Amino acid sequence: MIYTVKRIEEDLDFGCEERPKGMPVMAIVTLTNSSGEEIRIKAEDAMLYECNINEGDKVSLDMNNKLEKAALISDNNRRV
């Protein structure tokens with residue numbers, strides 16, 4: 001399923017503690033599907049930068065429920 005990235009926010013919820021040492025910076029990513037339903041997932045902030053995933057982008061979840069940027073399909077059904 002293809003989702004649109006609606007919002008990316010830094011995950012700041014550590015309870016009364018700070019982020020544990022060695023734990024990667026996480027982001028809360030709000031996604032919407034074609035029906036307008038929203039889901040929220042956690043993703044490593046560094047991975048979002050590495051994959052160039054930004055608000056407004058089309059993404060999908062791989063078989064491990066990790067975000068990946070959706071491949072663009074041209075008019076002749078070839079990946080761009």
Side-chain angles (χ1 to χ4, degrees):
M1 178 176 281
I2 301 295
Y3 298 93
T4 301
V5 178
K6 182 175 181 180
R7 193 170 38 253
I8 300 173
E9 302 169 289
E10 187 175 350
D11 182 16
L12 300 173
D13 186 15
F14 303 109
C16 298
E17 306 291 322
E18 292 184 14
R19 180 168 40 100
K21 209 170 214 170
M23 183 177 173
V25 175
M26 299 297 285
I28 303 294
V29 183
T30 304
L31 306 172
T32 56
N33 65 17
S34 59
S35 300
E37 298 169 310
E38 289 187 2
I39 62 169
R40 297 178 78 192
I41 64 164
K42 283 188 179 187
E44 286 189 23
D45 193 58
M47 183 277 302
L48 296 173
Y49 281 107
E50 199 175 288
C51 295
N52 195 28
I53 294 175
N54 299 292
E55 292 178 357
D57 286 346
K58 302 292 185 195
V59 297
S60 61
L61 296 170
D62 69 12
M63 57 191 209
N64 296 315
N65 280 333
K66 300 238 183 212
L67 279 178
E68 56 186 14
K69 204 161 191 173
L72 298 176
I73 306 294
S74 68
D75 291 337
N76 57 4
N77 287 332
R78 290 190 181 166
R79 286 180 181 238
V80 178

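Because the structure is predicted, anything quoted here is derived from the model rather than measured.
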Between atom [atom1] of [X] and atom [atom2] of [Y], what is the distance when rounded to the nearest 0.5 Å?
X: Tyr3; Y: Leu67; atom1: OH; atom2: CG; answer: 10.0 Å
X: Met47; Y: Ile53; atom1: CE; atom2: CD1; answer: 5.0 Å
X: Leu48; Y: Ile8; atom1: CG; atom2: CD1; answer: 5.0 Å

For residues 22-40, run the donor-acceptor check on the side chains, cut-off 3.5 Å, and write out each pair with its distance to 0.1 Å, sequence neighbours left out.
from  : atom 1 : to    : atom 2 : distance (Å)
Asn33 : OD1    : Ser35 : N      : 2.9
Asn33 : OD1    : Gly36 : N      : 3.1
Asn33 : OD1    : Glu37 : N      : 3.0
Asn33 : ND2    : Glu37 : OE1    : 2.8
Glu38 : OE2    : Lys6  : NZ     : 2.3

hydrophobic_cluster_shared for Ile41 and Val5, side chain cutoff 4.5 Å: yes
Side chain to side chain donor-acceptor pair (under 3.5 Å) partners for Asn52, two or more places apart: Asn54
Side-chain cluster (under 4.5 Å, hydrophobic types only) that Tyr49 belongs to, other residues: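 Via sub-4.5 Å side-chain contacts, Tyr49 links to none.
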Counterpart residues, salt bridge (charged side-chain N to carboxylate O under 4.0 Å, His left out), relative to Asp57 (two or more places apart): Lys69
Which residues share a side chain to side chain contact (heavy atoms under 4.5 Å, CB included) with Asp62, sequence neighbours left out: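 Side chain to side chain contact (heavy atoms under 4.5 Å, CB included) check on Asp62 returns Asn64, Lys66, Glu68.
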